[in-house]
Amino acid sequence: MRANKNLFWILFVFFVLADAAYTIWALISDGKVEWVGTVAIGLTGIMSAFIAFYLGKVMSSQGGVLPEDRADANIEDGDAELGHFSPWSWWPIFLAGSTGLIFLGVAAGLWIVPIGLALVAVSLVGWVYEYYRGNFGH
């Protein structure tokens with residue numbers, strides 16, 4: 001995690017310098033600031049700083065060193081349980097499709113959005129409660 005934190009701080013410095021260079025270049029070439037690029041590059045730098053700060057706080061609150069931060073760690077040191085995943089579940093595909101339907105509705109016609117929202121609700125309920133029904137019910 002230390003490497004990730006340092007990487008995002010380096011990205012923050014890079015984007016701040018790139019933002020300054022972009023602004024100066026726009027002033028030299030056009031005589032005015034090009035606001036869209038300046039704000040976009042600046043916000044990218046700020047987001048990198050947010051992520052670096054978050055990773056630093058998480059690393060300091062863990063109290064331990066992760067296996068990827070140790071030089072003497074083996075590959076099997078980092079293979080702990082990461083969570084419970086359902087490789088056979090169809091609900092994420094339905095959720096992605098219904099979310100895509102919402103975006104289509106925003107782009108093509110707002111009458112599609114309520115249909116997409118209803119499908120998102122059904123997909124979320126199905127995905128959350130899939131282990132309470134059928135062969136996997138408790």
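Every value quoted in this text rests on a predicted model; they were computed, and no experiment measured them. Below, all heavy atoms of this structure are taken into account, side chains as well, without hydrogens, waters or symmetry copies.
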Worksheet item: What pairs of residues pass the side chain to side chain donor-acceptor pair (under 3.5 Å) test when at least one of them lies in residues 36-52, not counting sequence neighbours?
Response: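 Listed by first then second residue: Thr23-Thr38.
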Practice prompt. Enumerate the residue pairs fulfilling side chain to side chain donor-acceptor pair (under 3.5 Å) with a member in residues 96-117, sequence neighbours excluded, ordered by first and then second residue.
Written response: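 Pairs touching residues 96-117 that pass the test: none.
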My understanding is that only residues two or more places apart in sequence, or in another chain, count here; which of them pass side-chain contact (heavy atoms from CB on, under 4.5 Å) with [X]?
X: Ile24; value: Ile28
X: Tyr129; value: Val125, Tyr132
X: Trp35; value: Val33, Val39
X: Asn74; value: Glu76, Asp77

Worksheet item: Does CH2 in Trp127 sit with more than 12 non-hydrogen atoms of other residues, nucleotides or ligands closer than 6.0 Å?
Response: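 No, CH2 of Trp127 has 12 or fewer neighbouring heavy atoms, counting only those of other groups under 6.0 Å.
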Worksheet item: For Ile93, does the CD1 atom have more than 12 heavy-atom neighbours from other residues, nucleotides or ligands under 6.0 Å away?
Response: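 Enclosed.
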Is it true that [X] and [Y] fall in one hydrophobic cluster, defined by side-chain heavy atoms closer than 4.5 Å?
X: Phe103; Y: Ile112; answer: no
X: Met47; Y: Leu11; answer: yes
X: Val120; Y: Val106; answer: yes
X: Met59; Y: Phe50; answer: yes

Worksheet item: In chain order, what residues pass the side-chain hydrogen bond (donor to acceptor under 3.5 Å, both in side chains) check against Ser89, with sequence neighbours excluded?
Response: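 By the side-chain hydrogen bond (donor to acceptor under 3.5 Å, both in side chains) rule, Ser89 matches Glu130.
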Worksheet entry | For Ala49 against Phe12, the heavy-atom pair lying closest together |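 Closest approach of Ala49 to Phe12, heavy atoms only: CB-CD1, 3.6 Å.
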Worksheet item: Which atom pair, heavy atoms only, marks the closest approach of Ile102 to Leu117?
Response: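 Heavy atoms only, the tightest pair is CD1-CD2, 3.6 Å.
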Inter-residue atom distance [X].[atom1] - [Y].[atom2], 0.5 Å rounding:
X: Leu124; Y: Trp91; atom1: CG; atom2: CH2; answer: 10.0 Å
X: Leu119; Y: Leu101; atom1: CG; atom2: CG; answer: 6.5 Å
X: Ile41; Y: Phe14; atom1: CD1; atom2: CZ; answer: 8.5 Å

Under 3.5 Å, sequence neighbours excluded: what are the donor-acceptor pairs made by side chains of residues 3-10?
residue	atom	partner	partner atom	Å
Asn6	ND2	Arg2	O	3.3

Practice prompt. Taking salt bridge (Lys or Arg N to Asp or Glu O under 4.0 Å) as the test, write out the residues that go with Asp30, two or more places apart.
Written response: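 For Asp30 there are no salt bridge (Lys or Arg N to Asp or Glu O under 4.0 Å) partners, ignoring immediate neighbours.
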Worksheet item: Can you check side-chain contact (heavy atoms from CB on, under 4.5 Å) on Glu34 and Trp25, steps first, answer last?
Response: CA-CA 10 Å; Glu34 199 278 312; Trp25 193 334; over 6 Å; no
